[in-house]
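Right, one structure below, let's go through it.
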Number of protein chains: 2
Amino acid sequence: MSANSRLTIAAHALAWIGLYQRQGHEVATSEKIAASANTNPVVIRRLLGELRRAGLVESRRGAGAGWSLARELGSITLLDVYDAVEPGPLFAMHRTTPDQGCVVGHGIQPAMRGIYRDIEETLRDELARVTLEKVLGDVLAAPRRPL
Amino acid sequence: MSANSRLTIAAHALAWIGLYQRQGHEVATSEKIAASANTNPVVIRRLLGELRRAGLVESRRGAGAGWSLARELGSITLLDVYDAVEPGPLFAMHRTTPDQGCVVGHGIQPAMRGIYRDIEETLRDELARVTLEKVLGDVLAAPRRPL
DNA sequence: ATCTGCCGTAACCATTACTGTTACGACAGC
DNA sequence: GCTGTCGTAACAGTAATGGTTACGGCAGAT
């Protein structure tokens with residue numbers, strides 16, 4: 001499906017900011033986050049910009065600028081992040097309208113739409129079950145030195 | 001996520017072949033299926049080739065060639081089709097290894113892998129719940145003339 | 001008032017996946 | 001042989017993703 005890493009990187013950034021703030025810092029810079037994720041600061045700023053539009057983070061400009069959480073990690077779920085960074089549906093319909101003169105061509109889109117709706121609903125339930133608090137917990141639970 | 005229509009088209013083709021066979025025909029041609037899905041026969045042949053590799057359909061060559069089901073529609077699920085036509089995972093990790101010297105960079109991948117594994121397991125359960133028999137039933141249940 | 005650091009965003013590029021299309025050899029029944 | 005269809009390679013167009021450079025704008029520090 002040509003999966004992308006947007007949800008992963010966004011979760012990484014949120015967990016990083018959350019931990020950074022718990023260590024007493026005010027704001028996190030895109031440069032530091034990018035260094036942790038091993039990517040370019042612009043990539044981080046773009047993603048965090050989408051999270052800001054969704055009300056998950058805030059940004060300050062000027063000197064001493066940076067990013068901070070707009071909500072507690074425990075109140076943010078992967079569904080919030082998913083909705084913020086993933087626009088479209090999981091499965092696409094035909095790119096062109098099927099033959100409406102054919103029984104299958106006529107009925108396939110309503111049929112698949114209903115089926116996909118149920119499946120995506122289940123996916124959303126699962127995403128909503130995972131908070132960023134749990135993500136950070138899992139991150140910190142990773143063994144320091146795998147043998 | 002840049003969703004594609006592969007699962008939709010594959011389900012369309014299977015439902016079409018199934019209905020065609022119930023109408024007494026032996027084999028379906030990629031040209032007829034493509035006409036119903038309003039696409040190119042090569043697109044259909046490519047997808048059905050993947051379904052053949054998965055043991056869902058069979059193909060005959062030579063004169064009077066075409067495609068037929070290798071299994072009953074009732075025994076084929078959307079998960080079978082999904083596995084046949086969708087190679088990768090739903091969510092991708094970072095494209096480059098995160099900074100292993102950072103606590104978050106070190107723990108994020110194991111954490112997300114575990115979370116994604118659970119979510120994809122749920123998705124697979126949902127896909128396995130839908131048979132192609134049900135898909136065809138939903139197709140035929142679509143209203144003939146929406147007012 | 002200027003300096004400085006970082007955001008915000010545009011622009012461009014390389015890579016990849018998907019879909020559509022043409023072309024052509026291979027095969028098997030007639 | 002003739003014919004119709006598969007099987008597959010090859011190529012093009014479109015789009016998404018991720019990386020990169022560039023630069024204006026903002027606000028606190030000096």
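Quick note on labels: first sequence line is chain A, next is B, and so on, each numbered from 1.
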Which residues in residues 43-52 of chain A have at least one heavy atom lying under 4.0 Å from any atom of DNA chain C? A:R45, A:R46, A:R52
Is any side-chain heavy atom of B:W16 closer than 4.5 Å to a side-chain heavy atom of A:C102? yes
Distance-only criterion, 3.5 Å: show the donor-acceptor pairs between side-chain atoms of residues 65-72 of chain A and protein atoms not counting sequence neighbours.
from	atom 1	to	atom 2	distance (Å)
A:R71	NH1	A:S75	O	2.9

Inter-end axis angle, the helix from C:dA1-D:dT30 to C:dC30-D:dG1, with every axis fitted to five base pairs (rounded, 10 degrees): 10°
Could you give the distance from CG (B:L19) to CG (B:L140), rounded to the nearest 0.5 Å? 6.0 Å
Mind jotting down which residue pairs meet the salt bridge (Lys or Arg N to Asp or Glu O under 4.0 Å) criterion with at least one end in residues 96-123 of chain A? Sequence neighbours excluded, please. none
If you look only at pairs with a residue in residues 81-96 of chain B, which of them pass as a salt bridge (Lys or Arg N to Asp or Glu O under 4.0 Å), with sequence neighbours excluded? B:D83-B:R124
Have B:S36 and B:H12 got a donor and an acceptor in their side chains that come within less than 3.5 Å? yes
When every non-hydrogen atom of A:A3 is compared with those of B:P89, the smallest separation belongs to CB-O, 3.3 Å
Salt bridge (Lys or Arg N to Asp or Glu O under 4.0 Å) contacts in which one or both residues fall within residues 44-59 of chain A, not counting sequence neighbours: A:R6-A:E50
Distance-only donor-acceptor check, side chains B:T77 and B:Y82, under 3.5 Å: no
For the pair A:Q109 (side chain) and A:G107 (backbone), establish whether a donor and an acceptor sit closer than 3.5 Å, ignoring hydrogens and angles. no
Give the residues of residues 11-40 of chain B touching DNA chain C, defined as any heavy atom closer than 4.0 Å, sorted by residue number. B:T39, B:N40
Any sub-3.5 Å donor-acceptor pair from B:S30's side-chain atoms to B:I44's backbone N or O? no
Check for me, please, whether B:V43 and A:M93 land in the same ILVMFWY cluster - side-chain distances under 4.5 Å, paths through other members count. no
Taking any atom closer than 4.0 angstrom to a non-hydrogen atom of chain B, what span of DNA chain C does the protein reach, first nucleotide to last? C:dC18 to C:dG29
Residues of residues 84-96 of chain A with a heavy atom under 4.0 Å from any atom of DNA chain D, listed by number, are none
So, do B:I9 and B:V85 sit near enough that their side-chain heavy atoms are less than 4.5 Å apart? no
Common cluster, A:L90/A:Y116, ILVMFWY with side-chain heavy-atom separation under 4.5 Å: yes
So that I can tick it off, tell me whether B:R129 and B:D125 are bridged by a salt bridge, with the cut-off set at under 4.0 angstrom between side-chain N and carboxylate O. no
Closest non-hydrogen contact found for B:V135 with A:A111 is O-CB, 4.2 Å
If you look at every heavy atom in B:V139 and A:V103, which pair is closest and at what distance? CG1-O, 3.8 Å
Contacts to DNA chain C from residues 60-70 of chain B, heavy-atom cutoff under 4.0 Å, which residues? B:R61, B:G62, B:A63
Which two nucleotides bound the region of DNA chain D that has atoms under 4.0 Å from heavy atoms of chain A, read 5' to 3'? D:dT17 to D:dG28
Answer with yes or no whether the hydrophobic clustering places B:L79 together with B:L47; edges join I, L, V, M, F, W, Y residues whose side-chain heavy atoms lie under 4.5 Å apart. yes
Contacts satisfying salt bridge (Lys or Arg N to Asp or Glu O under 4.0 Å) that involve residues 7-30 of chain A (not counting sequence neighbours) are A:R22-A:E133, A:E26-A:R60
Under the side chain to side chain contact (heavy atoms under 4.5 Å, CB included) criterion, do B:M112 and B:F91 qualify, and how do the steps go? CA-CA 9 Å; B:M112 297 309 288; B:F91 302 109; over 6 Å; no
